[in-house]
Amino acid sequence: MQHYETTLVETLEKLRKEGYTEDFNIRFDSLICGDICLLPSQFEVDKTFRFEGNTNPSDEAILYAISSLDGKVKGVVVNSYGVYSDDMTAELMEKFK
């Protein structure tokens, strides 16, 4: 896992400058952002960043920089980990390992 900056916000700002402009959400079996929907077979995880909360486990997060295989879309996914993580299929979970 890479670590650009000490905070999630600072790392997001650097990724935006690198072209990761879309904000994806996890929808059980895919990533969605507006009218864009990417299935696990349609994207790769380029970079992963883990942020640990110093005092509160709910502050822990993982930031993924992703890009579509066709090269047309780059964006980010922010997810909690542990008991706070989003539900997703095994295929989608495998992409984020």
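Computed from a prediction, not measured in an experiment: that's the story for all the values here.
A pairwise comparison of heavy atoms in Val73 and Phe24 identifies CG1-CZ, 3.5 Å as the closest pair. Contact detail for Tyr20 and Gly75: the closest heavy-atom pair is CD2-O, 3.3 Å.
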Practice task
Please lay out, stage by stage, how Leu63 and Val77 fare under the test side chain to side chain contact (heavy atoms under 4.5 Å, CB included).
Solution key: CA-CA 6 Å; Leu63 169 64; Val77 177; over 6 Å; no
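Here the straight-line distance linking atom NZ of Lys74 with atom CG of Asp46 works out to 7.0 Å at 0.5 Å rounding. Going from atom CD1 of Ile66 over to atom NZ of Lys47 covers 13.0 Å, rounded to the nearest 0.5 Å. Taking CZ of Arg16 as the start and CD of Glu22 as the end, the distance is 8.5 Å to the nearest 0.5 Å. Rounded to the nearest 0.5 angstrom, Phe49 CZ and Glu10 CD are separated by 12.5 Å.
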Which pairs would a plain distance check flag for residues 31-43, meaning a side-chain donor or acceptor within less than 3.5 Å of a matching protein atom at least two apart in sequence or in another chain?
{"residue": "Gln42", "atom": "OE1", "partner": "Leu39", "partner atom": "N", "Å": "2.8"}

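No side-chain donor-acceptor contact under 3.5 Å links Ser67 to the backbone of Gly71.
Put simply, Ile62 and Val45 are part of the same group of oily side chains (I, L, V, M, F, W, Y) that touch within less than 4.5 Å, one to the next.
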